[in-house]
Amino acid sequence: MNQTLTILGLESSCDDTAAAVVRVGPEGAAVLSSVVHGQTALHEDFGGVVPEIAARAHAEKLDSSVAAALREAGVGFDDLDAVAVTAGPGLIGGVLSGVMCAKGIAAGTGLPLIGVNHLAGHALTPRLTDGAAFPYLMLLVSGGHCQFLIVRGPEDFSRLGGTIDDAPGEAFDKVARLLGLPQPGGPAVEQEAAKGDANRFNLPRPLLDRPGCDMSFSGLKTAVLRARDALVAQKGGLTHKDRADLCAGFQTAVVDVLAEKTRRAMALYRDENPPEPLIAVAGGVAANGAIRGALETVSSRHDAAFLAPPLRLCTDNAAMIAYAGAELFALGRRDGMDLAARPRWPLDQNSPAMLGSGKKGAKA
Ligand code: KG4
Ligand code: ZN
């Protein structure tokens with residue numbers, strides 16, 4: 001980027017209230033501050049994010065998060081070029097809270113306002129962290145999202161496929177719950193899986209027999225539930241070994257599905273002859289060692305580089321929103337006071353909408 005931009009970003013589309021200041025210039029991008037207030041404790045007793053509770057907590061935390069982000073970055077409103085905010089997709093109460101807060105800042109300071117697609121924030125993170133060149137292949141795997149994207153520009157995405165039901169993180173969380181492991185389930189299941197025998201239970205690899213890059217994880221979770229119930233009926237409970245073997249079987253099934261679908265997505269991406277082939281991941285599930293290992297293997301077989309940004313920028317945060325805002329600002333994008341909060345907002349307008357709605361809101 002040949003100009004230097006300092007952008008305030010706001011994120012409140014799910015269960016993290018976040019504000020950040022990012023500076024982007026000819027030398028690259030720098031995260032000057034990134035404040036994230038998680039809401040896990042507020043939703044713990046409910047088995048998922050409660051939209052009303054989330055929206056209220058965002059409304060309460062946004063202004064202090066903005067103040068903290070400015071303070072930590074050592075900047076004031078006068079030093080900013082624009083305010084960028086997640087305008088969707090997500091839980092509408094939370095998105096509205098963020099959009100209203102950003103509109104208030106824009107009205108009070110005269111700063112330009114930019115509405116950012118939350119998924120574009122994730123998808124552009126490899127450019128924020130590593131200056132990745134377009135086009136690259138992105139696998140977004142979190143508790144709320146799962147999709148393959150070819151990222152060609154700040155507003156140019158092709159969605160190659162995604163989950164038709166649960167996101168992988170959601171499946172890890174549900175499997176943890178049904179095996180009595182703590183939340184968030186991903187790290188707990190991964191830890192158990194390391195001790196288990198992945199071949200003991202014959203668990204399905206959903207949609208592997210169908211062409212394309214779409215995935216499904218809900219049936220796999222149900223298969224774990226059935227295997228658990230069969231063991232309980234047989235001997236009255238689960239041993240440590242049963243639990244570890246179920247975790248290992250489940251995780252290996254997720255790895256197999258993600259690896260095969262990544263191979264297919266990679267083949268489609270390589271058809272475009274990218275000059276610097278790259279596959280990048282984002283989302284909390286990218287923390288899983290077995291999944292990362294499998295993706296690294298697929299990318300090296302296809303002579304592509306593999307990039308996993310630091311976890312704090314892979315999971316929901318506002319630095320990615322500020323950065324995406326900077327890219328859009330440089331393209332001349334400005335929004336007015338009529339900027340709408342959108343519960344659904346597919347990145348790729350040409351691909352069919354995903355079915356259903358995840359625990360963290362509508363699937364885009
Ligand atoms: O991106 P993220 O922080 O939040 C949203 O989904 O919004 O991702 C959280 C998800 C949770 O479902 C969590 O269980 C999963 O990422 N996760 C993992 C691991 N660490 C976190 N899943 C598998 N293995 C892990 N090590
Ligand atoms: Zn997200």
Side-chain angles (χ1 to χ4, degrees), residues 9-18 20 34 36-40 43-44 47-49 51 54 58 86-91 94-95 98 116-125 138-147 149 162-163 166-179 181-194 217 220-221 224 247-248 250-255 257-258 281-295 308-321 323-324 345 347 357-364:
L10 269 61
E11 156 63 36
S12 56
S13 65
C14 186
D15 56 353
D16 292 294
T17 313
S34 180
V36 181
H37 288 289
Q39 301 179 350
T40 309
H43 305 288
E44 215 161 40
V49 178
H58 287 307
T86 301
L91 298 171
V95 180
V116 173
N117 182 310
H118 175 87
L119 302 170
H122 280 304
L124 295 171
T125 300
M138 155 70 55
L139 170 58
L140 193 49
V141 267
S142 70
H145 331 287
C146 180
Q147 49 187 288
L149 297 163
T163 183
D166 289 357
E170 200 174 347
F172 268 95
D173 293 342
K174 287 177 179 169
V175 163
R177 206 166 292 128
L178 63 90
L179 295 178
L181 295 167
Q183 296 295 311
V189 170
E190 181 176 16
Q191 221 176 346
E192 285 294 312
F217 296 99
L220 174 57
K221 165 205 72 193
V224 175
C247 286
F250 164 77
Q251 182 175 276
T252 304
V254 174
V255 166
V257 170
L258 285 174
V281 282
V285 180
N288 186 288
I291 292 174
R292 270 164 104 116
L295 297 177
L311 204 57
R312 65 180 193 286
L313 294 173
C314 258
T315 55
D316 284 353
N317 67 88
M320 68 180 189
I321 303 303
Y323 178 78
W345 185 0
L347 267 185
S357 159
K359 70 168 180 167
K360 295 185 172 180
K363 295 196 193 312

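Indexing begins at 1, ligand by ligand and atom by atom, following the structure's order.
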For this session: Could you grab the distance from atom NE2 of H58 to atom CD of E11, nearest 0.5 Å is fine?
Result: 7.5 Å
Seminar exercise, completed: Closest heavy-atom pair, S13 versus T86, reported as atoms and distance to 0.1 Å, is CB-CG2, 3.8 Å
Seminar exercise, completed: The side chain to side chain donor-acceptor pair (under 3.5 Å) partners of H37 (sequence neighbours excluded) come to none
Exercise. Within the structure, does C314 bring an N/O atom to less than 3.5 angstrom of an N/O atom in ligand 1?
Worked result: no
Exercise. Which atoms of ligand 1 are found less than 4.0 Å from any heavy atom of D316?
Worked result: 7 (O)
Problem set entry | ligand 1 atoms in contact with G283 (distance to a heavy atom under 4.0 Å) | 1 (O)
Exercise. Considering only heavy atoms of G144, which atoms of ligand 1 have at least one such atom less than 4.0 Å away?
Worked result: 6 (O)
For this session: Answer whether the closest heavy-atom distance between the side chains of D316 and H118 falls below 4.5 Å.
Result: yes
Exercise. Are L119 and Q147 side-chain neighbours, meaning at least one heavy-atom pair lies under 4.5 Å?
Worked result: yes
Exercise. Which ligand 1 atoms does V285 reach within 4.0 Å, using its non-hydrogen atoms?
Worked result: 15 (C), 16 (O), 18 (C), 22 (N)
Exercise. Which atom pair, heavy atoms only, marks the closest approach of C314 to P309?
Worked result: SG-O, 3.3 Å
Exercise. Is ligand 1 under 4.0 Å from a heavy atom in the side chain of D173, in the backbone, in both, or in neither?
Worked result: side chain
Exercise. What do you reckon, does G186 have a nitrogen or oxygen under 3.5 Å from a nitrogen or oxygen of ligand 1?
Worked result: yes
Problem set entry | Sub-4.0 Å atoms of ligand 1 with respect to non-hydrogen atoms of G185 | 14 (O)
Exercise. Which of the atoms of ligand 1 are close to E190, meaning less than 4.0 Å from one of its heavy atoms?
Worked result: 25 (C), 26 (N)
For this session: Number the atoms of ligand 1 from 1 as they appear, then name those within less than 4.0 Å of a heavy atom of G143, with their elements.
Result: 5 (C), 6 (O), 8 (O), 9 (C), 10 (C), 12 (O)
Problem set entry | Closest contact, heavy atoms only, A282 versus H122 | CB-O, 4.1 Å
Exercise. Do you know which two heavy atoms are closest between N317 and S34, and how far apart they sit?
Worked result: CB-OG, 4.3 Å
For this session: Compare G284, A287, G169 and give the one whose heavy atom is closest to atom 17 (N) of ligand 1.
Result: G284
Seminar exercise, completed: Closest heavy-atom pair, L179 versus C247, reported as atoms and distance to 0.1 Å, is CD1-SG, 3.7 Å
Seminar exercise, completed: Taking 2.8 Å as the strict upper bound, the Zn ion (ligand 2) has protein N, O or S neighbours numbering 4
Exercise. If you take all heavy atoms of S142 and A167, which pair is closest and at what distance?
Worked result: O-CB, 3.4 Å
Exercise. What about the rings of F172 and F250, do their centers lie closer together than 6.0 Å?
Worked result: yes
Exercise. Between CG of D173 and CD of Q183, what distance do you get to the nearest 0.5 Å?
Worked result: 4.5 Å
Exercise. Just going by heavy-atom distances, which of D16, V36, N288 is nearest to atom 24 (N) of ligand 1?
Worked result: N288
